[in-house]
Each structure stands twice: as structure tokens, then as C-alpha cells.
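Have a look at the structure below before the remarks.
By convention here, the first residue in the shown sequence is residue 1.
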Amino acid sequence: MRAQQVRAGFVELYGTEPEGVWSAPGRVNLIGEHTDYNDGFVMPFALPHTAVAAVSRRADGVLRLHSADIEDGVAELRLDDLAPESDRDWTAYPAGVVWALREAGHAVTGADIHLSSTVPSGAGLSSSAALEVVVALALNDLFELGLQRWQLARLCQRAENVYVGAPTGIMDQTASACCEEGHALFLDTRDLSQKQIPFDLAAEGMRLLVVDTRVKHSHSEGEYGKRRAGCERGAALLGVDALRDIPYADLDAALARLGDDEEAVRLVRHVVTEDERVEQVVDLLRSGETRAIGPVLVAGHASLRDDFRISCPELDLVVDTAMSAGALGSRMTGGGFGGSAIVLADVADVDTITKAVEEAFAAAGFTAPRVFEAVPSPGARRLV
């Protein structure tokens, strides 16, 4: 139905049928936060919430963009004028993809694009990556570029890093492009090797809830970049290419070498222990011990809160309240400084936990959260 709605919107805007309609999902990261730009491990899965794009080619060097979600007209851009950090609007994400493709030598000659997205913006669920990936996949198909999914993800990351100016890692775009229904994606961000790990909570009587705190964040703001720079400084101090290269067994010795550099100690400790937590979750899921991942999620939240220092009162309240109400595990997910938390729970406890979180937010005077179930869903694909 959404594909038909977006197709009809394209026809109304541009007066002709699109050549196709594509979708790309947002993602939830089960475990592995701020490890992707440290060459580490992550474990996201795709959401049923998607960005949908109707697209047709142009041959005149013009890019026309429109979003059904924003009260604004069609943005018309010339491809030759696209330049990094020249656009501070939502159009920077799809335009950045076109720029990145052309910079890489791919013959994209223009496009008409109409978009609509159900991925909550600013909730830490990769709404920007969904926009990038759906445009990249459409242009790859239409211009017969022959790029693999992982290559599209790399180009989308470059668009966000260079064109938009947000220093994100590779996880979000890879998750949107490559996740499979009913699975979590175990991704090594150094070599981009992937393993699809079965993750069917419903079959085991469990649910994973997403609690959108409605506290907005932005990756292009300074704190995210500071954490990335701090991690790079820690790696340099320890003489390694990336913090991925510090084995968990050698963590204490590495921290001792950092001496009284308190910031470096905290950042290094989080990344190294978080990589270990990802591997723990993979092992537990593979052995059928899904309930046992709960404490690992909680430990991850404590590390993000205390060592990486990117949580906020709303996120902490979700985790504390959910655990007190009977959750199996909970943690913040995404870049931090707001956004969402996840809650692993038995089916019988979902309503109780949801009510407890909503009441806790009301009592604290916070904006009411949005709570929904996260179901591992397909990655990007052509719909029409």
C-alpha cells in the first residue's frame, strides 16, 4: 500500500509514472555501540519502519527531490553544483548519495525522486541511513551500476561523513542495505564480513520493545565527533590502528599504560568491553540461550552511561524502570544523547513494562515516550 501511495505521489508531482519504487529500513542495534568507527563488532537488525522512494532517471544533470513528510515544494539541484556541507536540509542525505556515486566515477545523470519515511527521525533508529540507502539502491538499479550491497553502504557512509558532515561509522548503512528478515546481522566493521544470526523472539515467547524517548539528537553535533576523536586518540596512545586491536584479555594492561588519562581510560574500556559483549551475544543466540543476553544488554547500558557518557535521564529512566518491572534486559541504542532504548521482555510482561515506563515518564514530567515492538525485518529491496 505504501508503495502505491508513493508511486501516486510521484505521478502527481512529476506528471509521469516512476521507473520503480524501492524501500530501505531503519535499524535497531541489539548490541555494539560506538564500536563501528573503531573497526569493531556490531549487531543490528532491520525494522519494519522504512523509507520508500519512487524514482526515475533524468539525462539533463538535474536532481529533483520531494518528501511527502515535509511541507515543502520540490527541491531542484544541479548535479554539477553538489558540494560537501553545502546543504543543511534533509535533502543533503539523498543529494549526498548522488554526489558520492558521481565522485566514485559512476555515471548518474540526474533523477526525479519522491520519498516517504516511517522511520522516526532523531530517535537513534537510522532514519538518515534509510534515506541514503533507498536512493542508492534505486540509482544502482536504474543506472545499472552493478554495485554490491556492501559497496552501496560504503558510498552512503561517505555521503553522510563528507557531504552531510556527520562522522558516523558503517553500521547504519550496512544494516539498512544487508539485514535479513528474522535475523540480526553480526558485522565485522573492519573487513565488512557478515553473518546472519537467527533472532526469532516470537518463537521463544519474547518481545523486543523500542522506547523512543522523543529526546532528539543529531550525529553532526559536536559530542559524537568528540567521542570518535577521543577513541582515535586512545588508539594512538596505545600504538594500535584502532581500538578493535586491543584484545579483551589485555584490557587491564592497556588501561594501565594510559595512566591517569581518565578520558582515554573510559573510552577505551567501553569499546573493548563492548566488542566482547557483541561476541557474547552472538554465542548465546547461537546456543539458543536468548534469555541470557538480557544481563549483557544491561552491562552495555552501564558502560555507555558511565564510561562513554552518552546517556541522558530519559534513557536511564527507561532502563531502570523496565528492569524493575520485570524486563529481561534493557539498554540505550543508537548514537546517544537522546533517541531510543530497547527492552527485552517475556510476552506476558510487555503490557506491565510499557505501562510502568509511561507512568515513570509522566511522573518525571518528561514528554510521553513512543513504545513499539521491534521485529527483525528485510533489508533494502525493490518493491515495484
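More than 12 heavy atoms of other shown residues, nucleotides or ligands fall within 6.0 angstrom of atom CD in Glu262. Residue Asp60 qualifies as enclosed at atom CG: its count of foreign heavy atoms under 6.0 Å is above 12.
A salt bridge is defined here as a Lys NZ or Arg NE, NH1 or NH2 lying under 4.0 Å from an Asp or Glu carboxylate O, and Arg291 with Glu204 fails to meet this definition. Using a cutoff of 4.0 Å between basic side-chain nitrogens and carboxylate oxygens, Glu289 and Arg286 are not scored as salt-bridged. Under the 4.0 Å criterion applied to side-chain N and carboxylate O atoms, Glu223 and Lys226 are assigned as salt-bridge partners. Between Arg269 and Asp252 there is no salt bridge, since no side-chain N of the basic residue sits under 4.0 Å from a carboxylate O of the acidic one. The residues Arg244 and Asp188 are annotated as salt-bridged, a charged nitrogen and a carboxylate oxygen being separated by less than 4.0 angstrom.
For the atom pair Tyr163 OH and Leu82 CG, the distance stands at 4.0 Å (nearest 0.5 Å). A distance of 4.0 Å separates CD of Glu19 from CZ of Arg57, quoted to the nearest 0.5 Å. Atom NZ of Lys195 is separated from atom CZ of Phe186 by 6.0 Å, given to the nearest 0.5 angstrom. Annotation: the span from Arg266 atom CZ to Leu255 atom CG amounts to 12.0 Å, rounded to 0.5 Å.
Side-chain contact of His49 with Thr118: a donor-acceptor pair under 3.5 Å is absent, judged by distance alone. For the residue pair Ser193/Asp191, the side-chain donor-acceptor check at 3.5 Å is satisfied. Side chain to side chain, Ser303 and Arg277 meet the donor-acceptor criterion of an N or O pair below 3.5 Å. No side-chain donor-acceptor contact under 3.5 Å links Thr35 and Glu274. For Glu132 and Gln157, the side-chain atoms include no donor-acceptor pair closer than 3.5 Å. Arg228 and Thr168 form no side-chain donor-acceptor contact under 3.5 Å, judged by distance and modelled atom types alone. When only modelled atom types and interatomic distance are considered, Gln4 and Arg7 share a side-chain donor-acceptor pair under 3.5 Å. Residues Asp172 and Ser126 have side chains that bring a donor and an acceptor to within less than 3.5 angstrom of each other.
Both Leu237 and Val240 are members of a single hydrophobic cluster when ILVMFWY side chains are connected at heavy-atom separations under 4.5 Å.
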For this session: Please lay out, stage by stage, how Glu33 and Arg331 fare under the test salt bridge (charged side-chain N to carboxylate O under 4.0 Å, His left out).
Result: CA-CA 10 Å; Glu33 221 64 80; Arg331 74 171 190 93; 2.9 Å; yes
Exercise. Would Ser128 and Glu160 count as a side chain to side chain contact (heavy atoms under 4.5 Å, CB included) if you check the C-alpha gap in whole Å, the side-chain angles of each, and the deciding distance to 0.1 Å?
Worked result: CA-CA 8 Å; Ser128 59; Glu160 189 148 349; 3.3 Å; yes
Exercise. Checking side-chain hydrogen bond (donor to acceptor under 3.5 Å, both in side chains) for the pair Arg149/Thr174: CA distance, chi angles, key distance, verdict?
Worked result: CA-CA 8 Å; Arg149 294 298 182 96; Thr174 304; over 6 Å; no
Exercise. Would Arg2 and Ser23 count as a side-chain hydrogen bond (donor to acceptor under 3.5 Å, both in side chains) if you check the C-alpha gap in whole Å, the side-chain angles of each, and the deciding distance to 0.1 Å?
Worked result: CA-CA 10 Å; Arg2 283 191 62 222; Ser23 76; over 6 Å; no
For this session: List the steps, then state whether ring-ring contact (aromatic ring centres under 6.0 Å, His included) holds for Phe199 with His183.
Result: CA-CA 5 Å; Phe199 190 54; His183 293 75; 9.8 Å; no
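Ring-plane geometry between Phe361 and Phe366 is classed as perpendicular, the angle between the planes exceeding 60 degrees on a 0 to 90 degree scale with a lower cut at 30. By the 30° and 60° cut-offs, the orientation of the rings of His34 relative to Tyr224 is tilted.
With Val350 as reference, Thr354 is the one residue of Thr352, Thr354, Ile353 to meet the side-chain contact (heavy atoms from CB on, under 4.5 Å) rule. Checking each of Asp316, Thr333, Asp320 against His301 for a side chain to side chain donor-acceptor pair (under 3.5 Å) leaves exactly one that passes, namely Asp316.
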